[in-house]
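Below is one structure, written out as structure tokens; comments come after it.
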Protein chains: 2
Amino acid sequence: MDIAEVAKVSGLPASTLRYYEEKGLIKSYGRNGLRRLFSANVVERLALISLGRNAGFSLEEIYEMFTPDGPVINRELLLAKADELENKIAELTAMRDGLNHAAVCKAPNHFECPKFLRFLRIAGKNKVRQPSKLKKGDL
Amino acid sequence: MDIAEVAKVSGLPASTLRYYEEKGLIKSYGRNGLRRLFSANVVERLALISLGRNAGFSLEEIYEMFTPDGPVINRELLLAKADELENKIAELTAMRDGLNHAAVCKAPNHFECPKFLRFLRIAGKNKVRQPSKLKKGDL
DNA sequence: ATAAAAGTTCAAGTCAACTTGAAGTCAAGC
DNA sequence: GCTTGACTTCAAGTTGACTTGAACTTTTAT
């Protein structure tokens, strides 16, 4: 497939595909003249990347998950990431419940609603790192 | 509370608190000389902001969720956001399962493992917008 | 054979969400 | 009452993830 076709089926702009290739997240198997040639499985790989991005992982983290770390497969890493997701799922669930409640709650201000505060507290129990970077003693 | 105390209990740097105030996400009730004074409830508000950020919402989206939209409370918006979360939860769950499986899978390459591909496909069913912006026909 | 369409590189630009630095102001403890 | 350290503003810098533009090369359709 050429880059335009990959762009079409993946929904990602060609510029993004070049960028991902540069970062080592996908690769082309060769060239037709100057033009990159991609094999079909790149599409699944891209789906996985999008999934990871959507889940809040950085491109670098995703790269690490893809890459066998030395001779051993990165079993530990994958399990750790699965665990991160587990925590995040719990958080999102609490937030979803909080929002659904807030939408119908009669309290003048959600911070005065005990139910709402309870969801907040549940969410707070799973201290998950922030999306981007966080330094020193944050949270 | 002064800014240092809020920083301490929230875990966020003072610079972030000033930034959030500038963006209208939190407010100080007054000043002691130049110094901002915050009431205690700002801490819960910050927890909610962090939760939202962690869930992948932008500061602007979070601001909108906080702000009653005209005379009517933003019921629709909150329910829509809850729904977004619902989709995201499904995606994260599929990804978590995929990772847990990949960690123990014997297949030489996950893209050849039918189980793994199934998780990918499940995740793909819920088309959720990307974390940042996405244009035209993406995904 | 040739011109348009599509691809290429590389440098620079953009955007959100902060952080950092310089220069100044105050309040509190001694 | 004076220093010191915590705070202030404002402008500029940073990072990740891309996007855009200019200048150029091919492929492909006519």
Side-chain angles (χ1 to χ4, degrees), chain A residues 1-38 42 46 48-66 129-139, chain B residues 1-38 42 46 48-66 129-139:
Chain A
M1 315 165 77
D2 74 341
I3 205 171
E5 196 177 350
V6 177
K8 190 172 176 190
V9 312
S10 71
L12 297 167
S15 62
T16 300
L17 301 178
R18 287 190 207 100
Y19 178 71
Y20 283 178
E21 187 186 32
E22 185 188 327
K23 293 281 165 176
L25 288 162
I26 58 175
K27 40 194 167 181
S28 45
Y29 67 79
R31 298 276 179 133
N32 170 24
L34 271 191
R35 306 179 174 198
R36 289 168 180 78
L37 292 171
F38 292 99
V42 81
L46 286 167
L48 194 48
I49 293 170
S50 293
L51 193 55
R53 292 283 300 117
N54 217 321
F57 293 121
S58 69
L59 293 182
E60 193 177 337
E61 285 177 298
I62 294 169
Y63 176 82
E64 286 166 6
M65 293 192 235
F66 277 159
R129 358 152 270 176
Q130 290 291 102
S132 40
K133 67 275 185 120
L134 95 179
K135 306 272 169 64
K136 46 171 188 171
D138 287 0
L139 255 201
Chain B
M1 313 165 78
D2 74 342
I3 204 170
E5 195 176 351
V6 177
K8 189 172 177 190
V9 312
S10 71
L12 297 167
S15 62
T16 300
L17 301 179
R18 286 190 208 103
Y19 179 71
Y20 283 178
E21 188 186 31
E22 184 188 327
K23 293 281 165 175
L25 288 162
I26 59 174
K27 39 193 168 180
S28 46
Y29 68 80
R31 298 274 178 136
N32 170 22
L34 271 189
R35 307 179 175 198
R36 289 166 179 79
L37 293 172
F38 292 98
V42 81
L46 286 168
L48 194 48
I49 293 171
S50 293
L51 194 55
R53 292 283 301 114
N54 217 321
F57 294 120
S58 69
L59 292 182
E60 193 177 337
E61 285 178 297
I62 293 169
Y63 176 82
E64 286 165 7
M65 292 192 236
F66 278 159
R129 359 151 271 179
Q130 291 290 103
S132 37
K133 66 272 186 123
L134 97 178
K135 305 273 169 63
K136 46 172 188 170
D138 286 358
L139 256 200

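Quick note on labels: first sequence line is chain A, next is B, and so on, each numbered from 1. Computed from heavy atoms alone, side chains included, the values below leave out hydrogens, waters and symmetry copies.
Atoms OH (B/Tyr19) and C1' (D/dT14) sit 13 Å apart, rounded to a whole Å. Rounded to whole Å, the distance from CZ on A/Phe57 to P on D/dA17 is 13 Å. Atoms CE (B/Met1) and P (D/dA6) sit 17 Å apart, rounded to a whole Å. Spacing between atom CD of A/Glu22 and atom P of D/dG16 amounts to 14 Å, rounded to whole angstrom units. Here the P atom of nucleotide D/dC7 and the CG atom of B/Leu17 are 11 Å apart, to the nearest Å. Rounded to an integer number of Å, the gap from CD of A/Glu5 to P of D/dT28 is 13 Å. Residue A/Lys23 contributes atom NZ, which lies 10 Å from atom P of D/dC18 at whole-angstrom precision. Summarising the geometry, the separation between CZ on B/Arg53 and P on C/dA16 is reported as 12 Å, rounded to the nearest angstrom.
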Sequence neighbours excluded and cut-off under 3.5 Å, please list the side-chain donor-acceptor pairs for residues 22-35 of chain B, or say none.
residue: B/Ser28; atom: OG; partner: B/Glu21; partner atom: OE2; Å: 2.4
residue: B/Arg31; atom: NH1; partner: B/Leu34; partner atom: O; Å: 2.4

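Residue B/Ala14 is classed as having no contact, given no heavy-atom separation below 4.0 Å to the nucleic acid. Among the atoms of the strands shown, base atoms are found under 4.0 Å from some heavy atom of A/Ser15.
Atom CZ of A/Phe66 has more than 12 heavy atoms from other residues, nucleotides or ligands within 6.0 Å.
B/Ala14 meets the side-chain contact (heavy atoms from CB on, under 4.5 Å) test with B/Ile3, B/Arg18; sequence neighbours excluded.
OP1 and OP2 of D/dT19 both lie 4.0 Å or more from every side-chain N or O belonging to A/Arg18. A sub-4.0 Å separation between OP1 or OP2 of D/dC18 and a side-chain N or O of A/Tyr20 is present.
To the nearest 0.5 Å, atoms CD1 (B/Ile49) and CE (B/Met65) are separated by 11.0 Å. In this structure, CZ in A/Phe38 is found 8.0 Å from CG in A/Leu46, a value given to the nearest 0.5 Å.
Of the residues in residues 25-38 of chain B, those lying under 4.0 Å from DNA chain D by heavy-atom distance are B/Arg31, B/Leu34, B/Arg35, B/Arg36.
A heavy-atom distance below 4.5 Å is not found between the side chains of B/Val42 and B/Leu17. Annotation: side chain of B/Arg36 is not in contact with side chain of B/Val6 (no heavy-atom distance under 4.5 Å).
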